Amino acid sequence: DITLNCDGHSITGTQNGYGINVSGKTGFVLDDCTIINFTRAVNIINTNYSSFNELNITDNNGDYAGIYSYQSNYNNITNSQFTYNNASDNAGIFLETSSQTRVINTTYLFNNVTKSGQIVASGIVGLHDQSNLNYFENIIAESNIVNQTNTEVGMNSIGGGGICGINLNSNSNIINSSSFIGNIVYSGYTIIGGGIIGLYSSSNNLLNSINISDSKVINDEITGSIYGGAIIGDYQSSYNNYQNIRIWNTQVDLSYAYGGNMFGEYLSTNNTLVSLTIFNTSSDLIAIYGGVGLGLYDSDNNSFSLVNLSQNIVTTSDEFGMVGVNLGSNENIFRDMFVSGSSGNLINIEVPFTSNIISNNLFENFKISDSDWHGIKIHSTYCLNNTFRNFTVINTTLSAINITDANNTNLINITFANTSSDLTVDSASVYIYNPIIQGYNFTDADLEFENSYGDISFIDTTITANGLNLSKV
């Protein structure tokens, strides 16, 4: 075993080479060192069961300017900070094909990553290429900038996450009790995964007690897109678990979002989210194919519960929902949610350009309020057998629920208050159970009730019923 204890002293380079290079070692210990002005502060290759403690890694400039670990397992990195590093790939910690590493109490401040090519995994904290069973706790990443500058069409700018990413078959990792504050990510063309935190082709990871605030994800190019989520997103990832996630005071400025603008899934399955708060965010988009707050694009069998979306501002000419399901997303569960405040719809389900079916999704135990458009909008013949159970819809400028062309939509235990009208149905089939309704508008609709009398209670003694197909009511 080898131990190097700097006792608080500095190792200072001349902007060339590695500050510490550890290769093929077992039981190596590096302790209490400041490492300054190298192209890479710490290089770890084929090294196992080693410890890196109380490191101050600052003002290094290179491709991987902080700690780079390759094919190294069972190591500990603790109580260390990364400040003012400049990199082309990663300025903090990057694990490549490295497993069973414990990273505890690490801080990342004022680091800068700038690259014209693709940034893989992440610019600040990255896990890449079968890095499995790693444990991160108490990450504090603040005031970092990741800038991918290439605007070439077809170039994936960031694959994973801008600030923290789990990439390419990196599975069963845990990120716990961590904060991401005041970070900025500039994307030249396309983000695959998430702008701040992203998963790309990775499974069975747990992210718990994550706070993201005062951060920005920006792409000024007309063709710039996000596939996943602009703040947190999954791309082709499955069986991941998110718990206690808080996103607030964030800003997203993109052209197109496929999935969710704040939290999203793209081509992802069997993921679970429990407890998500999205508060006081702003989004500027050309179009959103999914949801501005929480959204799915072509994703199946995911589960979301205990979600609170409120006071979020959206600027777009496109129709949208704060919760959105888009293009071939099936058998997902949305449960126990409060959604308030939208210049568009509160919930939006649509198939915009292909015949991919959206079916058998369950929305249950919702309170939604304060929409400039509809509370719920469902519009496509490819929307089939979706169910809304135990809903309260309050204060919508347009009809509380608008169902156009959709088939076999189930509305169960729906209560309306202070809406311009409660239900608009156009060329659709709807099954209604135990609603409390004050107004209908039916055009070419086929409406069926729980029994021959409808089992309906009315808020007012007078209802407004108009349209071309009242004989079927």
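Numbers for residues simply follow the sequence, beginning at 1. Keep in mind that this is a model prediction, so the values were computed, not measured.
Checking side-chain atoms of Asn261 against main-chain N and O of Ser283 turns up no donor-acceptor pair under 3.5 Å. Between the side chain of Asn219 and the backbone N or O of Tyr189, at least one donor-acceptor pair lies under 3.5 Å. For the pair Asn167 (side chain) and Gly126 (backbone), a donor-acceptor distance under 3.5 Å is absent. Ser268 places a side-chain N or O within 3.5 Å of a backbone atom of Tyr266 that can act as its donor or acceptor partner. A donor-acceptor pair under 3.5 Å links the side-chain atoms of Asn134 to the main chain of Thr101, judged by distance alone. Ser420 contributes a side-chain N or O that, together with a main-chain N or O of Thr397, makes up a donor-acceptor pair within less than 3.5 Å. Put simply, the side chain of Ser98 gets close to the backbone of Glu96: a donor and an acceptor are under 3.5 Å apart. With hydrogens and angles ignored, the 3.5 Å screen pairs no side-chain donor or acceptor of Thr404 with any backbone N or O of His379. Counting only distance, with no hydrogens or angles, the side chain of Thr272 and the backbone of Asn241 share no donor-acceptor pair below 3.5 Å. Distance alone, capped at 3.5 Å, places no donor-acceptor pair between the Asn204 side chain and the Asn240 backbone.
Interatomic distance, Ile378 CD1 to Asn407 CG, rounded to the nearest 0.5 Å: 11.0 Å. Asn211 CG to Arg246 CZ: the interatomic distance, rounded to the nearest 0.5 Å, is 6.0 Å. To the nearest 0.5 Å, the span separating OG on Ser275 from CD1 on Ile210 amounts to 12.0 Å. Leu95 contributes atom CG, which lies 6.0 Å from atom CD1 of Ile77 (distance to the nearest 0.5 angstrom). Rounding to the nearest 0.5 angstrom, the gap separating the CD1 atom in Ile197 from the CG atom in Leu199 is 9.0 Å. Atom CG of Asn205 is separated from atom CG of Leu127 by 8.0 Å, given to the nearest 0.5 angstrom.
Under the 4.5 Å side-chain criterion, counting only non-hydrogen atoms from C-beta, Asn386 is in contact with Ile358. Looking only at side-chain heavy atoms (C-beta outward), Val425 and Leu423 come within less than 4.5 Å of each other. Under the 4.5 Å side-chain criterion, counting only non-hydrogen atoms from C-beta, Asp318 is not in contact with Leu285. Using a 4.5 Å cut-off on side-chain heavy atoms (C-beta onward), Tyr227 and Thr190 make contact. The shortest side-chain heavy-atom distance between Tyr200 and Val120 does not fall under the 4.5 Å cut-off. Using a 4.5 Å cut-off on side-chain heavy atoms (C-beta onward), Ile192 and Gln236 make no contact. Met337 places a side-chain heavy atom less than 4.5 Å from the side chain of Leu294. Two residues are said to be in side-chain contact when any heavy atoms from C-beta on lie closer than 4.5 Å; Arg389 and Asn410 fail this criterion.
In this pair, Phe363 and Phe388 present their aromatic rings parallel. The plane angle is below 30°, not in the 30 to 60° band.
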**Request:** May I have the step-by-step check of side-chain contact (heavy atoms from CB on, under 4.5 Å) for Leu411 and Phe391, ending in yes or no?
**Result:** CA-CA 9 Å; Leu411 303 177; Phe391 263 70; over 6 Å; no
Can you check side-chain contact (heavy atoms from CB on, under 4.5 Å) on Leu327 and Tyr289, steps first, answer last?
CA-CA 8 Å; Leu327 192 67; Tyr289 302 104; over 6 Å; no
Intermediate values then yes/no, side chain to side chain donor-acceptor pair (under 3.5 Å), Asn395 and Asn418
CA-CA 5 Å; Asn395 194 25; Asn418 194 29; 3.3 Å; yes
Might you work through the side chain to side chain donor-acceptor pair (under 3.5 Å) test for Ser371 and Ser342, ending with a clear yes or no?
CA-CA 5 Å; Ser371 170; Ser342 175; 5.0 Å; no
| request: Would you check, one step at a time, whether the test side-chain contact (heavy atoms from CB on, under 4.5 Å) holds for Tyr258 with Asn326? | output: CA-CA 9 Å; Tyr258 298 84; Asn326 199 287; over 6 Å; no
Go through it in stages, so that I can follow the logic: the residues are Asp300 and Glu331, the test is side-chain contact (heavy atoms from CB on, under 4.5 Å), and I'd like the CA-CA distance, side-chain angles, deciding distance and then a yes or no. CA-CA 6 Å; Asp300 302 330; Glu331 299 187 11; 5.7 Å; no
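A donor-acceptor pair shorter than 3.5 Å cannot be found between the side chains of Thr396 and Thr419. In summary, the side chains of Asn348 and His374 do not present any donor paired with an acceptor at a separation below 3.5 Å, with no hydrogens or angles considered. Judged purely by distance below 3.5 Å, without hydrogens or angles, the side chains of Ser157 and Gln148 pair a donor atom with an acceptor atom. Side-chain polar atoms of Asp284 and Ser282 form no donor-acceptor pair below 3.5 angstrom. Between the side chains of Ser340 and Ser369, at least one donor N or O sits under 3.5 Å from an acceptor N or O. Donor-acceptor pairing under 3.5 Å is recorded for the side chains of Asn365 and Asn390.
Among Asn408, Thr409, Leu362, the single residue meeting the side-chain contact (heavy atoms from CB on, under 4.5 Å) criterion with Asn385 is Asn408. When each of Asp234, Asn270, Asn271, Thr269 is checked for a side chain to side chain donor-acceptor pair (under 3.5 Å) with Asn302, only Asn271 meets the rule. Residue Phe94 is tested with Tyr70, Tyr64, Phe82 for a ring pair (Phe, Tyr, Trp, His ring centres under 6.0 Å); the sole match is Tyr64.
The shortest heavy-atom contact between Ile212 and Ile196 is CD1-CG2, 4.0 Å. The nearest pair of heavy atoms linking Asn361 to Asn330 is OD1-C, 3.5 Å. Contact record, Cys383 with Ile349: SG-CG2, 3.7 Å, taken as the closest heavy-atom pair. Heavy-atom minimum distance, Cys164 versus Phe180: CB-CE2, 3.8 Å. Here the closest non-hydrogen pair linking Asn86 and Ala65 is O-CB, 3.6 Å. Contact record, Ala91 with Ile124: CB-CD1, 4.4 Å, taken as the closest heavy-atom pair.
Identified under the ring pair (Phe, Tyr, Trp, His ring centres under 6.0 Å) test for residues 298-319, with sequence neighbours left out: Phe304-Phe334.
For the salt bridge (charged side-chain N to carboxylate O under 4.0 Å, His left out) test, residues two or more places apart in sequence or in another chain that qualify with Asp89 are Lys115.
Other residues, nucleotides and ligands place no more than 12 heavy atoms under 6.0 Å from the OH atom of Tyr239.
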